[in-house]
Protein chains: 2
Amino acid sequence: MYIYILFEIMFTQSEENYLKAIFHLQQEVEGGVSTSGLSEKLKTKAASVTEMLKRLAGKKLVDYQKYYGVQLTDKGMQHALLIVRKHRLWEYFLVECLNFNWDEVHEVAEQLEHIRSPKLVEELDLFLGRPQYDPHGDPIPDTNGKLPKSPNKRLSQLQKGERGICKGFNDTSSSFLQFLAKQEIGLGTNLEVLNIESFDESMTVLIDKKEIPLSKTATDNIYVED
Amino acid sequence: MYIYILFEIMFTQSEENYLKAIFHLQQEVEGGVSTSGLSEKLKTKAASVTEMLKRLAGKKLVDYQKYYGVQLTDKGMQHALLIVRKHRLWEYFLVECLNFNWDEVHEVAEQLEHIRSPKLVEELDLFLGRPQYDPHGDPIPDTNGKLPKSPNKRLSQLQKGERGICKGFNDTSSSFLQFLAKQEIGLGTNLEVLNIESFDESMTVLIDKKEIPLSKTATDNIYVED
DNA sequence: ATAAATTATTAGGTTTACCTAAATTTTTAT
DNA sequence: ATAAAAATTTAGGTAAACCTAATAATTTAT
Ligand SMILES: [Mn+2]
Ligand SMILES: [Mn+2]
Ligand SMILES: [Mn+2]
Ligand SMILES: [Mn+2]
């Protein structure tokens, strides 16, 4: 019985990476997640993705319709949320305890998220003081997979003259995070929209008395609370 | 150039497990480490070991003589020491920070030791206060692979009437560690040899006013400082 | 409605890391 | 010294997770 449960819960690193990628892509577009989307996100070829999707479907982790993409089953969602939980808890640990910068944590968390030990996850959560958000402002699922509500207004959605507090980022690539650091934009940063160019939707934003120009691409990837 | 260095340093989990196993077996017996010894330690079949040894030899991590076992090269030793360092630092972390018992840490450390990130190791070491010994009393190699001198007298080497302080354990199997916990023997435990049976070399030891009988097998696996 | 372009799947290969069974070498016992 | 036993290696196979090239289905554009 115990063995049975272990088998049910054991997935390979690769399978877990796919589950997480599907989870993230699922939030961006509705309907099935495409083979090419996964292929791009995971930097593997489409043929490899197709193969893995068939395997995941066999394990009842996804519903897979040939040519029409995949969606996580409840079981798949549950495990994806565990991986996300672990990823974000470790990121928090790296920044809070080990002097990592927020743009250095991703690669290591990508490995640590696969460490298998229920006790480890729960104790780490406790040790860190049950944080709600990771260093990028992303919500950390609790033991049951429940997400605290995420800050979900984008900076690009603010009107001229509105103010907001930076609560998170969508793109967490190293280059974007380094760009943000250079502009001195971080979690908790206060900002005010001074102007919006109508032709390219770029903004001029007031941060700490400095006027910072930001492209639509940038403002789309910054979450704010107003 | 940078890529080249990365390739040189990247080994698979399996390769790392072999290197560590060879390292441990090398300390127990002199001469080459045998295929069967590795097979037993790693719970794989001898044929699999032979195959891996050829691969490791190809990567200059071991000197391998068909039919006569292997020994780590300098390069292999260096990497084995890094894995041991990581394993023991993580064990220390689990016990000191995450409320693990010393007999619960091994399995998780077995996974964590493979996380690749030079910064992580050094920062973890710093965060933990540069510990010298892991929760089992085993020495933690420093950044350069240097080991602090290990407590190396076995309880079985003490004479009748001698006293000692428990400094470490050789066998770190769950069953042995649980046995020790039951007898309330741990790091720092004071003990006195009350009697040694000549026929089987078993001992009666005084610990905290209780008389505890210990087999030769047990006393061989307990390190003491006198 | 067709053709072209795009996207996805299948077919066939590779490498790693296991396995079993058979063959070979070394060690031990007579 | 030879034979039996034990240890090791080789041969041949499997599954995971990738790949390229060829084929097929879907979507888009004319
Ligand atoms: Mn990962
Ligand atoms: Mn994050
Ligand atoms: Mn390991
Ligand atoms: Mn240990």
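Numbered from 1 within each chain, the chains take letters A, B, ... in sequence-line order.
Checked for salt-bridge contact, A/Arg85 and A/Glu122 meet the test: a charged N lies under 4.0 Å from a carboxylate O.
Taking 4.5 Å as the limit, some side-chain heavy atom of B/Asp138 sits within range of a side-chain heavy atom of B/Arg88. Side-chain contact between A/Leu112 and B/Leu112 is present, with at least one heavy-atom pair separated by less than 4.5 Å. For the pair A/Glu15/A/His79, no side-chain contact is recorded, criterion being any heavy-atom separation below 4.5 Å from C-beta on.
Checking D/dA17, D/dT8, C/dA17 against the side-chain heavy atoms of B/Arg55 singles out C/dA17 as nearest. The nucleotide whose nearest atom lies closest to any side-chain atom of B/Thr50 is, among C/dA11, D/dC18, D/dT10, D/dT10. Nearest to the side chain of A/Tyr68, among D/dC19, D/dT26, C/dT24, sits D/dT26. Side-chain proximity of A/Lys66 to D/dT10, C/dT9, C/dA17: nearest is C/dT9. With distances taken from any side-chain atom of A/Lys45 to the nucleotides C/dA17, D/dC19, D/dA17, the minimum falls on D/dC19. With C/dC18, D/dC19, D/dA11 as the candidates, the nucleotide lying closest to the side chain of B/Ala47 is D/dA11. For B/Ser48, counting side-chain heavy atoms from C-beta on, the closest listed nucleotide (C/dA8, D/dA17, C/dC18) is C/dC18. When the nucleotides C/dA17, D/dT26, D/dA17 are ranked by their closest atom to the side chain of A/Tyr67, D/dT26 comes out on top.
Close to D/dA16, at under 4.0 Å from its OP1 or OP2, lies no side-chain N or O of A/Ser14. Within the structure, a side-chain polar atom (N or O) of A/Tyr64 is placed less than 4.0 Å from OP1 or OP2 of C/dT9. Between D/dA7 and B/Ser34, no contact under 4.0 Å exists linking OP1 or OP2 to a side-chain N or O. Side-chain N/O atoms of B/Thr44 include none lying less than 4.0 angstrom from OP1 or OP2 on C/dA17.
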Go through the steps for B/Leu126 and B/Arg130 under the test side chain to side chain contact (heavy atoms under 4.5 Å, CB included), then give the verdict. CA-CA 5 Å; B/Leu126 185 67; B/Arg130 305 212 182 279; 3.6 Å; yes
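The distance between atom CG of B/Leu42 and atom P of D/dT8, rounded to the nearest whole Å, is 14 Å. As a whole-Å value, the separation of B/Glu40 CD from D/dA7 C1' is 13 Å. Computed from coordinates, the B/Asn17 CG to C/dC18 P distance equals 8 Å when rounded to whole Å. The separation between A/Met52 atom CE and D/dC18 atom P is 6 Å, rounded to whole Å. The nearest whole Å value for the distance from the CD atom in B/Glu16 to the P atom in C/dA17 is 11 Å. Residue A/Lys59 contributes atom NZ, which lies 7 Å from atom P of D/dA17 at whole-angstrom precision. For the pair A/Leu53 CG and C/dT10 P, the interatomic distance rounds to 11 Å; values are reported in whole Å. Taking atom CD of residue A/Glu51 and atom P of nucleotide C/dG12, one finds them 14 Å apart after rounding to whole Å.
Side-chain rings of B/Phe169 and B/Phe179 stay apart, their centers remaining 6.0 Å or farther from each other.
Annotation: of the two residues near DNA chain D, B/Ser36 and A/Glu15, the 5′-most nearest-nucleotide partner is B/Ser36.
Backbone-only contact: B/Thr35 has heavy atoms under 4.0 Å from sugar-phosphate atoms and none from a base.
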